[in-house]
Structures are given as C-alpha cells and as structure tokens.
Amino acid sequence: SILRRAYGSEEFESMRGEEKGSSKGATLIYGKPGIGKSAGVKKVLKEIGQREGFDEDKIVNFMALDINAQNEVLANPKDYFVLIDVRVANFEATDFMGIPYFDKAQEEVDGKYLRTKKYKWAYLATHPDTRGFVFFDEITQALPEVVNAMYAVILERYIFDQKISDGVAIVAAGNLEAHDPTSGNMSLTKALTRRFASGGVYSLHVTAEEWLEFARNNHIHPTIIAFIESDKKNSFYKTADDVGANDRFADPDTLVAMSKLFYNVEQRIRNSGTNRYIDVIREYDRIARSTAGEGWASNFIKFLSTMDPK
C-alpha cells in the first residue's frame, strides 16, 4: 500500500536525522476525508516500532496516555517508541511557539528576557533519547496562524527553539479538498506543501477492492461487506460532492464505525431475549441512516431484504 511504501524501514531511516544537527524532511499524507489516513498511519507506525525492536507495550500513543503514564515516558524516553499525535485543528499558535513567562530563578542570569514554557509533547519530541514520530493530524484544518507557526517545525525541525530529536520523524496528514471557510478546511497551499518536498508528499487512495480486503481481515460486519460487494460503484465511498447537501456518505471510516454499532446492537438484542430479525433490521436501518445518510441506508435495507435471514 502507499502507506507501507511511504513508511518502509529505509524510508523511516531517511526521515530521521542521520547526523547530529542534520535536518530531515517531513512527510505528508493526504486524501479525501474519511478515507482512513489517520488510522492507517497509526497502524503502520506501530508496525515500524515493532521492526525497530520495541515490544508492543512499549509502543505508545503519548497523547492518549493518562498523566502517570505520560510522566513515566517522559522520565524514560529511551525505553519507548512513541507516537506523538498532535491534532493541529485544535491547536493555537502558542502551542508551537511557547507560552511566555518570567522565571524568577533566572532573573540574575537572563532576567531581561522572557522565557517560554513548552508542553509535554514538545519536551518529549525534543528530548535527545526519544524515538518515534510526531504526527501532525488534520493539518489542512489548522488556523492560518497555526500553519505559519508550524513552518519552522516542519522545515527546520525546531520547537520552542530546541531541535527535534534525531530519532523522531515528522509525519502529517490532511484532507484533499478545496478551501472552504464555512467548514474550516484549508486547501494545501504551495507554501505548505513545499515544506514537505524533501520528505515526500503522498496522495492516499483506496478502492472498493482494497477496502473489502481490509474488511474481511478485520471482522467488519458481513452485511456491510456483502452490500459493498454487490455494487462497488454505488455503495462504496460516496463523497459529499456525490450526494445531496443534506445527506451523509459512506466513507471507509463511517463503514468501520457502522460495523461496530451493528455488532453492539446485535449483542444487546440477544441479551434482551427477543433476538427477532425484524428488531435487528430496524436497528440496522436507524444506525445506517444516522451514519451514512438516507440514500445509502435505503439501498442497504433494500439489499438486506433480498438476503436469507439465516
């Protein structure tokens, strides 16, 4: 897949600093919304951590840890392969430039200068023993001033005037859409994409056949698989441009979420003691309409009516 081509072991080595003080380029993955960019990147990064020799429990998503676990990683960064998952859409420029404060203890040394405090994720990224990835997700949804603040991070590998560890690669993901001020989605500008020129800019696509292979190997609900197989052209990944303004669409992320909800509702109905097929279908219909929209759900339920309830 494109993700494995982008993040194979040789490419991973090329994205990290080979010499002290070297500056390696960042890598950008982009594609249509809901295509599974974030989930795919995280899965591949975990595989790379295992190839780097780290046990599974030492490959961690730092931002998802509780405060005690984060402090353990910060105290012993060399023992972990970390994913620092930064949701850029939720960030402000100060998250990259630091929060100014006056350090009383340093007043006699540099009291005439303001100092800046940095966040835990930035401290970890700049610690010389840290290995792993900084993952800037939703980069095309960032505010313009945040994107400007990120330029030095992406191009120069510096945060808060400190160099990012040579053992850390920078990866970003964003949606491929035209600029839409109402949605907050920014286009991929030339100024931004140039920052990724040395590391690589990769367009991520997924076909119905590729997704079906993933679905069969990942316990996606069989009714969803059967429906996609029945009409790959019209049942898989209808984008917002392909449907009505008030409808939703069945992108890969939506189908995964829908599958989990189907399994959950089946278990709930079984536990209730009724387990009637009509009750299950009604719940399928409700879930499909709320996640994928009226059009997709109607076709899905019609398809189910042709299937053997057994």
Side-chain angles (χ1 to χ4, degrees), residues 1 3 32-47 49-50 55-57 59-66 68-69 83 85 87 137-138 173 206-240 243 246-310:
S1 71
L3 288 176
K32 292 182 178 181
I35 205 169
K37 297 181 295 295
S38 301
V41 167
K42 291 174 185 178
K43 183 176 185 296
V44 172
L45 298 187
K46 182 177 180 179
E47 294 175 0
Q50 292 173 331
D55 294 334
E56 186 170 350
D57 64 337
I59 304 172
V60 297
N61 183 344
F62 180 76
M63 305 296 274
L65 300 176
D66 62 37
N68 292 327
L83 171 62
D85 185 4
R87 297 300 175 109
D137 201 3
E138 302 174 349
V206 60
T207 65
E209 289 77 10
E210 289 171 336
W211 187 86
L212 284 168
E213 181 182 358
F214 158 82
R216 297 184 193 103
N217 293 329
N218 288 274
H219 196 50
I220 299 299
H221 199 276
T223 59
I224 297 175
I225 293 177
F227 179 52
I228 301 299
E229 287 177 329
S230 72
D231 188 0
K232 299 183 181 71
K233 181 178 180 181
N234 295 311
S235 62
F236 179 71
Y237 197 59
K238 286 286 187 178
T239 69
V243 298
N246 297 322
D247 208 349
R248 298 179 183 84
F249 52 94
D251 57 72
D253 284 353
T254 295
L255 296 175
V256 172
M258 190 189 304
S259 172
K260 294 177 181 177
L261 292 171
F262 280 6
Y263 283 121
N264 289 341
V265 77
E266 288 174 357
Q267 185 62 49
R268 177 170 57 81
I269 292 175
R270 279 195 296 269
N271 293 340
S272 71
T274 57
N275 201 26
R276 297 188 305 167
Y277 183 67
I278 187 64
D279 293 333
V280 175
I281 293 298
R282 285 173 179 166
E283 287 298 295
Y284 286 172
D285 184 44
R286 177 185 64 81
I287 293 168
R289 290 180 189 279
S290 65
T291 54
E294 297 289 334
W296 193 94
S298 295
N299 291 332
F300 176 67
I301 295 302
K302 288 178 184 177
F303 170 77
L304 291 185
S305 67
T306 67
M307 297 180 65
D308 186 343
K310 297 181 180 179

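In this structure, the separation between CE on M63 and CZ on R87 is 10.0 Å, given to the nearest 0.5 Å. L212 CG to N217 CG: the interatomic distance, rounded to the nearest 0.5 Å, is 11.0 Å. For the atom pair CE (M258) and CG (D253), the distance works out to 11.5 Å, reported to the nearest 0.5 Å. In this structure, CD on Q50 lies 4.5 Å from CD1 on I59, to the nearest 0.5 angstrom. Note that CD of E56 is 3.5 Å distant from NZ of K46, once rounded to the nearest 0.5 Å. Annotation: the span from E266 atom CD to L261 atom CG amounts to 11.0 Å, rounded to 0.5 Å.
Ring to ring, F300 and F262 are close: their centroids are under 6.0 angstrom apart.
Using a 30° and 60° split on the angle between ring planes, F227 and W296 fall in the perpendicular class, above 60°.
Taking all atoms of both residues into account, the shortest heavy-atom contact from V256 to F214 is CG2-CE2, 3.9 Å. Residues T207 and E210 approach most closely at N-OE1, 2.9 Å, considering heavy atoms. Minimum interatomic distance between I269 and E283 (heavy atoms only, all atoms of both residues): CD1-CG, 4.1 Å. Here the closest non-hydrogen pair linking I301 and D285 is CG1-OD1, 3.3 Å.
Judged by distance alone, the side chain of D66 and the main-chain N or O of N68 form a donor-acceptor pair under 3.5 Å. Between the side chain of Y284 and the main chain of L304, no donor-acceptor pair closer than 3.5 Å is present. S259 places no side-chain N or O within donor-acceptor distance of the main-chain N or O of L255, the cut-off being under 3.5 Å. Checking side-chain atoms of T291 against main-chain N and O of T254 turns up no donor-acceptor pair under 3.5 Å.
For Q267, the CD atom is densely surrounded, since the number of other residues' heavy atoms within 6.0 Å is greater than 12. Annotation for E213: atom CD does not count as buried by contact number, only 12 or fewer foreign heavy atoms lying within 6.0 Å.
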Between D231 and F303, does a side chain to side chain contact (heavy atoms under 4.5 Å, CB included) hold up when you go through it step by step? CA-CA 10 Å; D231 188 0; F303 170 77; over 6 Å; no
